[in-house]
Peer 1: 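Encoded as structure tokens, here's the structure I'll be asking about.
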Amino acid sequence: MGEQVSKSKRYEQQLPGWWVFKKKTWFVFFLREITCIFVALFALFYLNFARAIYAGPEAYEEILEGLRTPGMIAIHCLSFVAVVWHTITWFVAAPKAMRPRIGNKLVPGNAIIAGHYAGWFAISAILFWVLT
């Protein structure tokens, strides 16, 4: 009980604020993580849009009027690019995150990526068909 446990010193490397710009892979990872903000904002916007539709024609017209401003158009264009970037980089990372097996063989990474793109295309086609 009287025995003292010595605290070992941990090595903590100090990283400069610009460390993310040193390697392309770190920067791409950083951009994918930052684009999560746009994904969240996109989701919140569409939840608010659905609320306006539910609230009635006046609320719906009000939100549509707000969408016609140059600032909102610019924000949505930037959000669209960010969400597409996030999606594409996630599809490329997916084979590293999950490698399912069929029997004793691993599913090839290209098949996983192709499956993601096929699903994206199918959902986009269905939404296009429903909304037009």
Side-chain angles (χ1 to χ4, degrees):
M1 200 164 185
E3 204 175 303
Q4 263 190 341
V5 177
S6 65
K7 293 183 179 180
S8 62
K9 292 185 178 181
R10 288 189 347 200
Y11 174 72
E12 293 183 22
Q13 183 180 4
Q14 295 295 321
L15 293 173
W18 60 88
W19 69 270
V20 75
F21 300 106
K22 288 191 174 197
K23 281 187 172 180
K24 182 183 175 189
T25 54
W26 293 349
F27 185 65
V28 170
F29 175 79
F30 173 75
L31 283 179
R32 184 176 69 239
E33 296 305 306
I34 288 297
T35 58
C36 290
I37 295 168
F38 290 98
V39 172
L41 290 175
F42 222 57
L44 289 174
F45 169 76
Y46 281 106
L47 287 172
N48 189 39
F49 194 75
R51 183 204 52 79
I53 292 170
Y54 181 75
E58 298 85 23
Y60 177 69
E61 284 300 321
E62 185 179 318
I63 206 164
L64 285 182
E65 197 60 37
L67 286 174
R68 292 183 182 106
T69 63
M72 285 303 286
I73 292 170
I75 287 170
H76 279 274
C77 288
L78 179 64
S79 293
F80 178 75
V81 169
V83 169
V84 169
W85 172 263
H86 183 84
T87 303
I88 291 169
T89 57
W90 176 249
F91 287 176
V92 170
K96 297 173 185 88
M98 64 172 191
R99 291 297 298 264
R101 293 180 180 272
I102 297 178
N104 289 334
K105 294 192 174 227
L106 286 173
V107 174
N110 290 339
I112 294 170
I113 294 171
H116 279 83
Y117 277 108
W120 188 18
F121 178 77
I123 290 169
S124 297
I126 291 167
L127 286 173
F128 181 77
W129 177 70
V130 168
L131 297 174
T132 56

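Computed from a prediction, not measured in an experiment: that's the story for all the values here.
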Peer 1: Could you pull out the closest heavy-atom pair between Leu67 and Ile73, with the gap in Å?
Peer 2: O-CG1, 3.6 Å
Peer 1: Under a 4.5 Å side-chain heavy-atom rule over Ile, Leu, Val, Met, Phe, Trp and Tyr, are Ile113 and Val84 clustered together?
Peer 2: yes
Peer 1: Determine the minimum heavy-atom distance between His116 and Met98, stating which atoms define it.
Peer 2: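 Looking at all heavy atoms of both residues, the closest pair is CE1-CE, 3.5 Å.
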Peer 1: Classify the angle between the aromatic ring planes of Tyr46 and His76 as parallel (below 30°), tilted (30 to 60°) or perpendicular (above 60°).
Peer 2: perpendicular
Peer 1: Is any side-chain heavy atom of Tyr117 closer than 4.5 Å to a side-chain heavy atom of Thr87?
Peer 2: no
Peer 1: Is it the case that one hydrophobic cluster holds both Val39 and Val92, taking links as side-chain heavy atoms less than 4.5 Å apart, direct or via other members?
Peer 2: no
Peer 1: For atom CG of Leu44, decide whether the heavy atoms of other residues, nucleotides or ligands shown that lie under 6.0 angstrom number more than 12.
Peer 2: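 More than 12 within 6.0 Å, yes.
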Peer 1: Specify the closest pair of heavy atoms between Ile53 and Tyr60, including all atoms of both residues, with the distance to one decimal.
Peer 2: CG1-CD1, 3.6 Å
Peer 1: Do the side chains of Trp18 and Phe30 join up, straight or via other hydrophobic residues, at under 4.5 Å, putting them in one cluster?
Peer 2: yes
Peer 1: Does Trp120 form a ring-ring contact (aromatic ring centres under 6.0 Å, His included) with Phe91? I'd like the steps, not just the answer.
Peer 2: CA-CA 10 Å; Trp120 188 18; Phe91 287 176; 5.7 Å; yes
Peer 1: For Gly109 versus Arg99, what's the shortest heavy-atom pair and its separation?
Peer 2: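 Between these two residues, the closest heavy atoms are N-NH2, 4.0 Å.
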Peer 1: For Glu33, look at atom CD and say whether over 12 heavy atoms of other residues, nucleotides or ligands are found less than 6.0 Å away.
Peer 2: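 Yes, because the 6.0 Å sphere around CD of Glu33 holds more than 12 heavy atoms from other groups.
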Peer 1: Under 4.5 Å between side-chain heavy atoms, counting indirect links through other Ile/Leu/Val/Met/Phe/Trp/Tyr residues: same cluster for Ile34 and Trp19 or not?
Peer 2: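 Linked, Ile34 and Trp19 end up in one cluster.
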Peer 1: If you round to the nearest 0.5 Å, how far is CG of Leu78 from CZ of Phe38?
Peer 2: 4.0 Å
Peer 1: Specify the closest pair of heavy atoms between Ala93 and Arg32, including all atoms of both residues, with the distance to one decimal.
Peer 2: CB-NH1, 4.0 Å
Peer 1: Indicate the atoms forming the closest heavy-atom contact of Ile112 with Ala94, along with that distance.
Peer 2: CG2-CB, 4.2 Å
Peer 1: Under 4.5 Å between any side-chain heavy atoms of Phe45 and Ile75, yes or no?
Peer 2: no
Peer 1: Hey, does Trp85 have a side-chain heavy atom less than 4.5 Å from the side chain of Val28?
Peer 2: yes
Peer 1: Do Ile37 and Phe42 share a hydrophobic cluster, counting only Ile, Leu, Val, Met, Phe, Trp and Tyr and linking them when any side-chain heavy atoms are less than 4.5 Å apart?
Peer 2: no
